[in-house]
Engineer: 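Sending over a structure as structure tokens; questions will come in a sec.
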Number of protein chains: 2
Amino acid sequence: MESSPRGRRPATSREDVARAALALFSRQGFEATTVDEIASEVGISRRTFFRYYQSKSDAVWGAFDAELARLDRLLSEAPDEEGLMQVLRRAVVETNRFNEEQLVDLRLRMSLIRSVPTLVAHSAVRYEEWCDVVARFAARRLGGRPTDLAPQTLARAALGAAMAAFEEWTRRDDGDLTEVVDQALALLATGFDEDRLKGQPLGGDGARIGDKYLQGGEPP
Amino acid sequence: MESSPRGRRPATSREDVARAALALFSRQGFEATTVDEIASEVGISRRTFFRYYQSKSDAVWGAFDAELARLDRLLSEAPDEEGLMQVLRRAVVETNRFNEEQLVDLRLRMSLIRSVPTLVAHSAVRYEEWCDVVARFAARRLGGRPTDLAPQTLARAALGAAMAAFEEWTRRDDGDLTEVVDQALALLATGFDEDRLKGQPLGGDGARIGDKYLQGGEPP
DNA sequence: GACATTTTGGCATTGAGTGCTATAAATTGA
DNA sequence: TCAATTTATAGCACTCAATGCCAAAATGTC
């Protein structure tokens with residue numbers, strides 16, 4: 001099947017390195033873990049670690065690239081009849097459907113990403129790639145270039161919604177990730193109109209937005 | 001007037017350090033500028049630089065803390081009758097009203113922040129503080145805690161809109177910052193509904209949203 | 001076995017950031 | 001004027017991430 005690989009075989013894989021790194025991070029903390037430790041855990045040299053991941057932070061992001069590609073595909077393949085926000089909502093929810101094992105890992109990753117300052121910082125770089133994908137989609141739908149105000153605003157706002165959903169999901173130990181993501185994006189589509197938020201029913205499952213999104217809100 | 005300061009006088013000020021740093025960054029680039037250079041430019045030691053700013057990146061953020069406090073005040077003092085998004089929109093626009101001299105600096109700062117990866121990363125940390133302020137406001141208005149999904153989604157989405165506005169303003173050399181910020185937040189309040197985006201008039205100045213926000217969008 | 005290819009390891013270097021300690025400069029009070 | 005106190009600074013040592021460079025190891029090919 002595979003064309004014969006020519007030179008020396010890799011001593012390990014990106015996956016194994018990420019696994020070892022994540023284990024160490026969760027055991028002794030991100031900052032307290034040095035690259036040397038990760039490297040020696042996997043049996044490679046420090047120098048080689050940096051050939052697998054550009055930075056210590058990058059090791060936390062696992063297969064994010066693949067997820068991005070999937071989001072891009074989902075957004076591109078959506079039928080034109082389906083509305084802008086509806087496609088976006090469905091695509092983002094879909095890319096966040098994981099099995100139990102993946103979810104355990106993801107929860108660990110996300111809790112690191114949102115609590116360790118170094119990783120909070122680094123996340124901005126990775127999330128920018130996510131925004132680019134969404135902005136390109138928005139530009140196709142709205143017209144204009146991906147760098148224009150409308151696509152950029154939509155992309156960054158959608159990112160914000162997704163981040164809020166992740167944070168909510170990470171903080172609470174129960175709850176379905178896809179459901180929270182769906183709620184956040186639905187919320188975004190309301191334009192945060194107070195009337196719609198507090199009372200009116202929303203299409204789709206017919207639930208009142210207020211029932212699901214406003215924990216402390218009393219009816220007017 | 002001032003109570004007499006007790007010990008040795010500071011050799012410089014945060015403002016002067018920031019000014020020198022910014023000048024060097026703009027001349028030779030952020031990465032190519034070392035903390036030693038900045039320090040010696042201001043006539044202090046490297047060690048002392050880190051007593052003025054926690055990191056090299058922080059020097060780019062000038063008086064961001066003051067801006068945050070102002071936003072907080074504007075959001076707190078708004079009348080209850082004024083709608084959620086209207087208050088937010090007005091407050092964010094207001095905190096971004098600067099004079100010509102400040103705008104020159106700001107343009108430089110923002111162009112660094114959005115183009116230098118290290119600063120893109122660091123921005124996430126500072127922007128989180130901004131989100132906290134908005135989330136607290138949203139929680140007061142919507143009920144519940146600032147960490148709940150709705151306030152968090154609104155805060156992060158609003159941040160996204162503001163960032164998109166800054167990016168647009170920084171990229172184009174003309175254009176009024178407050179106007180672009182206002183447009184982005186108005187856009188957010190539409191919920192990105194395609195019908196509203198492409199045709200319907202919006203309250204306030206009565207302009208069609210499509211006229212202002214969609215450069216390439218043709219009427220349906 | 002010679003050769004090309006790919007990965008790895010080690011070394012040196014740069015530069016950010018931190019902890020510690022001594023010193024300089026300023027006010028206050030006797 | 002001198003001592004005590006207070007605050008800011010300078011300098012040193014150290015850790016650690018990240019990068020460039022080059023030699024060595026491992027593998028397939030001819």
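Just so we're clear, the structure is a prediction, and the values are computed from it rather than from any experiment. Order of the sequence lines sets the chain letters (A, B, ...), proteins ahead of strands, with each chain counted from 1.
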Engineer: In terms of side-chain geometry, is the basic nitrogen of R19(B) or E15(B) positioned less than 4.0 Å from the acidic oxygen of its partner?
Structural biologist: no
Engineer: Give a yes or no answer on whether the side chain of T48(B) reaches the backbone of I44(B) with a donor-acceptor pair at less than 3.5 Å.
Structural biologist: no
Engineer: At under 4.0 Å between heavy atoms, what does T33(B) touch on the DNA or RNA strands: base, sugar-phosphate, or nothing?
Structural biologist: sugar-phosphate
Engineer: Whole Å only: how far is the CG atom of D36(A) from the C1' atom of dC11(C)?
Structural biologist: 14 Å
Engineer: What is the distance, rounded to the nearest whole Å, between atom CD of Q28(A) and atom P of dC16(D)?
Structural biologist: 12 Å
Engineer: I want to verify a distance call: between dG19(C), dA10(D), dT8(C), whose nearest atom is closest to the R47(B) side chain?
Structural biologist: dG19(C)
Engineer: Identify whether any heavy atom of R9(B) sits under 4.0 Å from a base atom; if not, whether one sits that close to sugar-phosphate; answer base, sugar-phosphate or nothing.
Structural biologist: sugar-phosphate
Engineer: Send over the distance from R14(B) CZ to dT9(D) C1', rounded to a whole Å.
Structural biologist: 17 Å
Engineer: To the nearest Å, give me how far apart NE2 (H122(A)) and C1' (dA17(D)) are.
Structural biologist: 13 Å
Engineer: For a quick check of understanding: with a heavy-atom distance under 4.0 Å over all strands, which category does S45(A) fall into, base, sugar-phosphate or nothing?
Structural biologist: base
Engineer: Using a distance-only criterion (donor-acceptor N/O pair, under 3.5 Å, no hydrogens), is the base of dA16(C) paired with the side chain of R46(B)?
Structural biologist: yes
Engineer: Is the ring pair W169(A)/F166(A) parallel, tilted or perpendicular, if the boundaries are 30 and 60 degrees?
Structural biologist: perpendicular
Engineer: Measure the distance from CZ on R8(B) to C1' on dA4(D) and round it to the nearest whole Å.
Structural biologist: 18 Å
Engineer: How close or far is atom P of dA10(D) from atom CZ of R51(B), stated in whole angstroms?
Structural biologist: 9 Å
Engineer: Can a donor-acceptor pair be found, under 3.5 Å and without considering hydrogens, that links the side chain of R89(A) to the backbone of L185(A)?
Structural biologist: no
Engineer: Return whichever of G7(A) or V35(B) has its heavy-atom-nearest nucleotide of DNA chain C closer to the 5' end.
Structural biologist: G7(A)
Engineer: Taking atom P of dC20(C) as reference, at what distance in whole Å does atom CZ of F50(B) sit?
Structural biologist: 17 Å
Engineer: Let me know, please, whether Q54(B) or A11(A) comes out on the 5' side of the other along DNA chain C by nearest nucleotide.
Structural biologist: A11(A)
Engineer: Let's see if you can work this out: which of dT9(D), dA17(D), dT7(C) has an atom nearest to the side-chain heavy atoms of Y52(A)?
Structural biologist: dT7(C)
Engineer: Can you find a side chain N or O atom of T34(B) that sits less than 4.0 Å from OP1 or OP2 on dG15(C)?
Structural biologist: no
Engineer: Mind calculating the distance between CG (D58(A)) and P (dT19(D)) to the nearest angstrom?
Structural biologist: 10 Å
Engineer: Do R136(A) and D132(A) sit within salt-bridge range, that is, some charged N less than 4.0 Å from a carboxylate O?
Structural biologist: no
Engineer: So if I take every side-chain heavy atom of R6(A) and compare against dA18(D), dC11(C), dA4(C), which nucleotide ends up nearest?
Structural biologist: dA4(C)
